[in-house]
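Throughout, protein chains are lettered first and strands after them, A, B, ... in sequence-line order, and every chain is numbered starting at 1.
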Number of protein chains: 2
Amino acid sequence: MSTIRDVAKLAKVSVATVSRVINESGYVNVKTKQKVEEVIEELDYRPNDVARSLFKGKSKMIALFVPDIMNPFFPELARAVEDITNKHGYTFILCNTDNDNKKEMAYMNALLQKSIDGMILVSNTMTASQIKDTKVPIISLDRKTRSDLISVTVNNREGARQAVGYMKELGCKRIAHIAGPDSASSARSRMEGYLNEVQEEKWFSNSFIRAGNYSIDEAYKVTKTLLKDNPNIDGIFVANDLMAVGVLKAAASLKIKVPDELSVISFDGIKLGETTSPALTTMAQPIYHIGKRAAEILLEKIEKPGTVIQSEEHQVQLIIRESTREKRLKE
Amino acid sequence: MSTIRDVAKLAKVSVATVSRVINESGYVNVKTKQKVEEVIEELDYRPNDVARSLFKGKSKMIALFVPDIMNPFFPELARAVEDITNKHGYTFILCNTDNDNKKEMAYMNALLQKSIDGMILVSNTMTASQIKDTKVPIISLDRKTRSDLISVTVNNREGARQAVGYMKELGCKRIAHIAGPDSASSARSRMEGYLNEVQEEKWFSNSFIRAGNYSIDEAYKVTKTLLKDNPNIDGIFVANDLMAVGVLKAAASLKIKVPDELSVISFDGIKLGETTSPALTTMAQPIYHIGKRAAEILLEKIEKPGTVIQSEEHQVQLIIRESTREKRLKE
DNA sequence: TTGTAGGCGTTATCAC
DNA sequence: GTGATAACGCCTACAA
């Protein structure tokens, strides 16, 4: 690799001049500029980003923290963030945290040592004190952390409400809820929305709520007992699509027909929900879009430190597929 | 952020000494070491990795190139690579290339400027000349590139053969193939395996082969015409699980029952295949394992430049689920 | 056992 | 317009 000095020597100018042409900063004579560019071409010179970073204290890298990229909700988010950061000339770093605060902090410190320019967090465990003395821009995505971070989220509560409302319209009389992990703000909000819609009903009972953890297997298990304990349930609002897959499996194993005997609606709108059978009716998040917005906001904060930015809450949208159906009233 | 100089000053030693204790290199008196460590603690000093990188010419970062992380085959691979590199103290960079050679080269150059230590490529388009003058270790994963890169792959041809062989055992008499993109070595090998097993059969016809591109939608389209043109087909070997989802949809839309009237077997063993209905019979790759191995080999090459390493080909395994069934012979 | 000093490749601030 | 040169923070000969 040739350095700026090599270029300078060959072009018979100083490194300062070379620096000026590659950065298009300051004055430089047209002819010398030309000469320098020729030499750069000839030597196939590329500036060393590490040296640049050292000088500037910035690395042109941003990181995304997700619990686990193998959870199908996150690839789309990651893709969005990568696309945007890449377009702005930043390098994208992916960190799987397994919701483990230790891991999160380890990553964070490692990245800080690398002069990371900003981070986007999908996290429940990060506390305010852990990030308070960090001066690099950080924003929260999909969830709200226990801190005052700017966040890009979705109207979980209202979306949940609409989902449950839709099931009521369909004629469901006993609607259960498979909840997400209580540690996730999104899960708590969805539960709230469910309760808002259902708490006043005379049929409602706390036993209609079962705790899942946003994973298929756990949802399968709890749904099975739920349905055994309460055979009269005719609708389930599931806190995310992934768990709904488990719910579908549980229903199938109990020979309960979806949607004929049981309507299932969930949340997220991941691709996976289109391929199940029946395909999932769901409240779809604009996943790519919120990832995009998070990245855009972060870059804004990085590149113009002065500007104030605001949290954003985006809208979800009901997508009706095959797992819900209007109940036929007995005549 | 305090620097090594701050530590030195406060500990009343030279920076060299501080450097020695943080790197555990060279001699340093027990008492001074203690003193230095106290100060490090007190100042919460962390060495600046950028400065280190500049000096060493290494960044402790490795990158993984995949076509698109939204394709469900790749998250598991990415997770494996991230886990291993992270365990070794490296930072993980993810690059989505969309199989676009321009993008690949742009990423590559950008990363080289950042003193990347190594790269793992899932790529078809990278040619030998494009990487020949790169001295950082690169290895190929899942596919073989048009170059002499060390690769970690799976026995695609033999696996395909076994898959088709299995369908024959089930009694299938007309087995079609939905192929992957010809640009991918994995797709070509699977096609070969299919042909090996089928070419000699008197029923075989080239029209039993349709070109897909490893995506659901295209597979759906081509399968529909395939099945319309050849209603006597009773088995399909699909080049990957994702396309098999499209195949299942196509069959459903044609009211063809899987597996009763049509057996479907595919390749990859991604989680998605468990959630379809019917669940996919497939030749499963040890996805996480090959990602892990690729990372391990790469790190080996990075940390001990001398050692010679070899390409690896791992075994696939038949997983029988619901999309295949023995044909009942007419009595 | 410890310290001094040069260098990794850039950029930016001065002079000229 | 251009050129020295001092940082950026760290590491490692080489001296002492």
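Here D/dC8 presents its C1' atom at 14 Å from CE of B/Met1, a figure rounded to the nearest Å. Residue B/Leu54 contributes atom CG, which lies 14 Å from atom P of C/dG7 at whole-angstrom precision. When the C1' atom of C/dG9 is taken as reference, atom NZ of A/Lys58 falls 20 Å away, rounded to whole Å. One can place CD1 of A/Ile22 at 8 Å from C1' of C/dT10, the figure rounded to the nearest angstrom. Going from atom NZ of B/Lys56 over to atom P of D/dG9 covers 18 Å, rounded to whole Å.
Within the 4.0 angstrom heavy-atom criterion, only backbone atoms of the sugar-phosphate kind lie near A/Thr32; the bases stay farther away. Counting non-hydrogen atoms under 4.0 angstrom, B/Asn23 reaches the backbone sugars and phosphates but no base. Residue B/Ser19 is classed as a base contact, given a heavy-atom separation below 4.0 Å to a base.
With hydrogens and angles left out, the side chain of B/Arg20 and the base of C/dG3 share a donor-acceptor pair within 3.5 Å.
Between the side chains of B/Glu312 and B/Thr153, no donor-acceptor pair of N or O atoms lies under 3.5 Å. For the residue pair B/Asn156/B/Glu313, the side-chain donor-acceptor check at 3.5 Å is not satisfied.
For B/Ser14, the listed nucleotide lying nearest its side chain is C/dG3; candidates were C/dG3, D/dT12, D/dC10.
Under 4.0 angstrom from either OP1 or OP2 of D/dC11 there lies at least one side-chain N or O belonging to B/Arg52.
Place B/Val15 and A/Val30 on DNA chain D by their nearest nucleotides, and A/Val30 ends up nearer the 5' end.
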